[in-house]
Peer 1: 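Please read through the structure below; I'll follow up with questions.
This is a predicted model, so every value here is computed, not measured.
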Amino acid sequence: MAPCCRTPCSCLINAGTGVTVTGDGQVGTPFVISATGGDVLPVVTAPDTNSVDQTVTGTGAPATPYVITSNVKLDATPPGGGTNLIGVGPEGLYVECAQVRGCISAGDGLDYSPATGVMTAQISAVAGNTTSIAADGGLYTPAGSTVVQPLDTPTIDATVTGTGAPATPYVVSAAVRLDATPPGGGTNLIGSNADGLYVECAGVRGCISAGDGLDYDPATGVMEAQISVAAGNIISIGPDGGLLSTGGTGLTAPDTATVDQTLTGNGSGATPYVLTSNVKVDATPPGGGTNLIGVGPDGLYVECAQVRGCISAGDGLDYDPATGVMEVQLSTDPTNTATIAPDGGVLVPAGASTVVQPLDTPTIDATITGTGAPATPYVVSAAVRLDATPPGGGTNLIGSGPDGLYVECAQVRTCISAGDGLDYDPATGVMEAQLSTDPANTLTIAPDGGLLVPAGASTVVQPLDTPTIDTTVTGTGAPATPYVVSSAVRLDATPPGGGTNLIGSGADGLYVECAGVRGCISAGDGLDYDPATGVMELQLSTDPANTATIAPDGGLLVGSGAATVVQPLDTPTIDATVTGTGAPATPYVVSAAVRLDATPPGGGTNLINAGPDGLYLECAQVRGCISAGDGLDYDPVTGVMEAQISADAGNTTIIGTDGGLYTPTAAVVVQPLDTPTIDSTVTGTGAPATPYVVSSAVRLDATPPGGGANLIGSGADGLYVELVTGCGLEGTGAVGDPLIVAPAAGQEAWPWACDVVAESGTKCDPATGQIWSPPEHYSAMDHIYVDHFVGGIADPITATGGWTIIDPTANQQFNIPPNFIGNNCRRWGYEITATGTFDITHTPDAVFQLGYVVQQDAVPLQVRPGWGLLTARGGVARRVVRNITANETLWDILPTVGSFTVMYPAINVVSGSVTIASWVTDATIDTQTNQG
């Protein structure tokens, strides 16, 4: 141990209870701290500092004393972002020139040797170079990395962009692959949007269709029983949503071992059968314990609060029956230091590798391989995680193939099954009503596909199961064999969690006992558990060093051990210090300080610094160790050193194309001067054989400031601007020949008295520069003549009870399609005028009206009467030949929308009868576009 000071030691260490101190703190006689009894178990800690990592090993016994090892922390990422240059030698930390020289590099005009640290001016090797060092010290010439690659999987397409540099880091992205052609040949139901993958009910519903006896709406997924409309059908939907047919058949409801049933009512419409079922809960279960099943307003239940009373704790455990939490009970002995060992037992411990792992998500498993070197690059791969045990307890329908994820109708159909009264084909998704083969069954499938029971048939009684009750119906409903309805509680043999159902059933009802619950519990590390009694006790570790026992107070106790020895161990880079007595109130504290060499081997100043993350040395600190001589300029802030060009008059030295200093042999210097409109170039050397040649080229802006194209062109004869005109334009754009709009009809002044700006129909779109005028108006007319009843109607028409269509097939139709006659822009409308001529006869007592019923698109039917009620004059039968007129109109229709109108001859006979000999309709339709 190093002395506490460089002069004779004046440090004072006082011994407390159970501790002795010997020695005077000198090199030959160090302080030695010892425990005097076995009742105090010393505590040793070795906290880390910003510059030292410390580790404590040993148990503190004389044979295995505590050993504190300290290691200097060298900051791998110094604050300046550079490389830490600090080295470690037998005499301490150091930084030498050999390490610093790598912080410097040479720019144009310099040669630098990082092995020696020598930097000199680089003289160009180009022929004729006459550069030298001038009197002012300047140069003078007299006049004269990591590879990352993506790894695709069957469910993920991975992409890597960037170069890995700080400005352009690697960016790894992944996209889930969705199989466009799943193995089953169907459509993949999995969709993808900005929020992730999805499968919606709307896609699944198309996998199912309905057969006879069912109606199915694929838009909503609702499937209902189809009721036949055949006359005499007595089936309907009852108040509870089930199928119902009236009848007066007898019904009984016997009790079972698990259900008490009560039947009221007589089965008629006024007093229907009411079956009340109550689950029987056994007050004295077979095992003699208390029944844990409770009955509440929402059904049966067993709660944790009831089960927790089945369990108790033995020595070494604390158990709270209110919460069900069981913990190891540690002794209150002051010297107890027990913990849980890696083998799950209780242990007093005697005394790291970095783990790097990918970050998975709930939907992606990520994997990283490789080292990042060019030969073994990092390979980042990702695979979609498909839940093998979804939360609902079923099978995950999402499949994975070579082209990505998929869910098909064939998989979804297996999610559906048919109960009583239905047949279902999971291969096609078709579900049909299942008819009983009982000889007394009068239920059939009607011609319209609905379920049918003829009027007067026997009452049908069917059971309705629930998730907790199985209901059974026996008997035929006849007085001799009445319907018997029985119910039994359903106990799930394979509960969703995959375990055993704890609810039992006996002669007196259902029960759950502690004996069944105890098998649900097992013991982990540090516990022993007896499932026969429900008692859980502490498990003590078999580790030879374990001194834990069960104390008289029932808690864990670790007895006192031998005296602990703590001594610091210095290294070439660390001075270690131990303070404290090792008692719980004043534990051993081991601290360490980094040793920084005040006289490094090279004889210079130690540049090492210590920060909150450890020791560091950066290029910014060592650049001050370097300076520039004649012919060099040096920037100690950046570490860049360049050739210094002399300011003497006549100096023609430059940096050559190879990065070296270069001065041409000629005395004349010619250099080009570019301008915003001219690029100048100088070639040649100035010698008689290769004279200077100065050439100039006009610069044409490829992207003018206005964003358009440059109209200036360049040809063999020089620059030019050429204007090309298209349809409707004339002129060259010159002063004498301006660019004008040239309509085919020539030019003419505005002839109207109104304002040309406000009233002219031609305008220009400022966004596109296009000239436009309003779209054309369109109109069309047509004429339709229809003879509705060729040869007349032989049968007289008697009282109709209101307006009625005479014959739905005898009509006049007007179908105008979208964008009619080329109208793509304007709203439009139409007007229909229909004139009907009829020849009829009526009886003497006839009172009637004639007219038309109009169906216009989806609007409800409308009546267009010819006139008021006609009454037979003088009570005489007559023949009547007259005309009636009906009109129909509709406006403001979008150009992309068509319209369909049908006109039907109609009649309203109040009394008597009317016979139609003929009825013809002569109609015209006029369609026009609106102003807007």
Side-chain angles (χ1 to χ4, degrees), residues 218-219 726-728 741 743-745 751-752 754 756 758-790 803-838 850-867 883-907 918-932:
C727 178
V741 177
W752 292 279
C754 57
V756 62
E759 305 298 334
S760 175
T762 301
K763 299 182 181 179
C764 177
D765 187 339
T768 64
Q770 295 175 330
I771 296 176
W772 62 272
S773 60
E776 295 288 343
H777 277 286
Y778 295 91
S779 64
M781 297 185 67
D782 200 0
H783 168 265
I784 301 175
Y785 178 89
V786 178
D787 186 349
H788 295 293
F789 312 111
V790 178
W803 282 98
T804 184
I805 296 172
I806 297 172
D807 183 354
T809 64
N811 58 59
Q812 195 166 34
Q813 300 182 5
F814 304 89
N815 189 7
I816 303 102
N819 307 114
F820 182 50
I821 59 176
N823 174 34
N824 295 315
C825 301
R826 292 185 180 274
R827 294 174 180 265
W828 64 284
Y830 64 86
E831 181 179 12
I832 299 172
T833 301
T835 300
T837 302
F838 56 83
L850 292 130
Y852 288 92
V853 169
V854 179
Q855 175 72 61
Q856 187 180 59
D857 296 327
V859 177
L861 294 175
Q862 306 169 64
V863 177
R864 299 288 186 267
W867 342 277
N883 296 328
I884 59 173
T885 301
N887 293 293
E888 190 65 30
T889 185
L890 185 62
W891 291 98
D892 205 30
I893 308 172
L894 291 173
T896 56
V897 177
S899 184
F900 181 66
T901 300
V902 184
M903 304 185 75
Y904 302 92
I907 191 169
S918 69
W919 188 325
V920 297
T921 302
D922 193 359
T924 59
I925 181 170
D926 181 10
T927 63
Q928 296 184 41
T929 51
N930 299 353
Q931 185 63 31

Peer 1: Quick one, M903 and N811 - any side-chain contact, counting heavy atoms below 4.5 Å?
Peer 2: no
Peer 1: Output yes when a side-chain donor or acceptor of W828 lies under 3.5 Å from a complementary backbone atom of T927, and no otherwise.
Peer 2: no
Peer 1: Check each of N887, T924, T885 against T833 using the side-chain hydrogen bond (donor to acceptor under 3.5 Å, both in side chains) test, and report the only one that passes.
Peer 2: N887
Peer 1: Testing the basics here: between A886 and Y852, what is the closest heavy-atom pair and its distance to 0.1 Å?
Peer 2: CB-CD1, 3.7 Å
Peer 1: Is the shortest side-chain heavy-atom distance between Y904 and I806 below 4.5 Å?
Peer 2: no
Peer 1: Do D857 and S899 make a side-chain contact, defined as non-hydrogen atoms from C-beta onward lying under 4.5 Å apart?
Peer 2: yes
Peer 1: Do T835 and I884 come within less than 4.5 Å of each other through their side chains, counting heavy atoms only?
Peer 2: no
Peer 1: What distance do Y830 atom OH and L890 atom CG have between them, rounded to the nearest 0.5 Å?
Peer 2: 4.5 Å
Peer 1: If I take atom CD1 from residue I893 and atom CZ from residue F820, how far apart are they, to the nearest 0.5 angstrom?
Peer 2: 11.5 Å
Peer 1: I'd like to check N823 versus P895 (side-chain heavy atoms, cut-off strictly below 4.5 Å). Are they in contact?
Peer 2: yes
Peer 1: Counting only heavy atoms not in Q813 (residues, nucleotides, ligands), do more than 12 fall under 6.0 Å from its CD?
Peer 2: yes
Peer 1: Roughly how far, to the nearest 0.5 Å, is the OG1 atom of T762 from the CD1 atom of I771?
Peer 2: 8.0 Å
Peer 1: Can you pull out every salt bridge (Lys or Arg N to Asp or Glu O under 4.0 Å) where at least one residue sits in residues 811-822? Sequence neighbours excluded, please.
Peer 2: none
Peer 1: If every non-hydrogen atom of P774 is compared with every non-hydrogen atom of G761, which pair is closest and at what distance?
Peer 2: CD-O, 2.8 Å
Peer 1: Using only heavy-atom distances, determine whether the side chains of N883 and T837 contain a donor-acceptor pair under 3.5 Å.
Peer 2: yes
Peer 1: What I want to check is whether the side chains of Q928 and N930 have a donor and an acceptor closer together than 3.5 Å.
Peer 2: no
Peer 1: State plainly whether the residues R864 and E888 are in salt-bridge range, i.e. N to O under 4.0 Å.
Peer 2: yes
Peer 1: Could you label the plane-to-plane angle of the F838 and W919 rings as parallel, tilted or perpendicular, counting under 30° as parallel and over 60° as perpendicular?
Peer 2: tilted
Peer 1: So do the side chains of T921 and H788 get within less than 4.5 Å of each other, counting heavy atoms only?
Peer 2: yes
Peer 1: State, with a plain yes or no, whether a side-chain heavy atom of V854 is found less than 4.5 Å away from one of L861.
Peer 2: no
Peer 1: Nearest heavy-atom pair of D926 and M781: which atoms, and what distance?
Peer 2: OD1-CG, 3.5 Å
Peer 1: Can you find a pair of side-chain heavy atoms, one from I925 and one from I816, that are under 4.5 Å apart?
Peer 2: yes
Peer 1: Between atom CZ of R827 and atom OG1 of T896, what is the distance when rounded to the nearest 0.5 Å?
Peer 2: 9.0 Å
Peer 1: What's the spacing between D807 CG and I805 CD1 if we round to 0.5 Å?
Peer 2: 9.5 Å
Peer 1: Using modelled atom types and a 3.5 Å cut-off, is there a donor and acceptor pairing between side-chain atoms of T929 and backbone atoms of Y778?
Peer 2: yes
Peer 1: Looking at every heavy atom in both A923 and F814, which two are closest together, and how far apart are they?
Peer 2: CB-CZ, 3.7 Å
Peer 1: Closest approach of A780 and I821, non-hydrogen atoms and distance?
Peer 2: CB-CD1, 3.8 Å
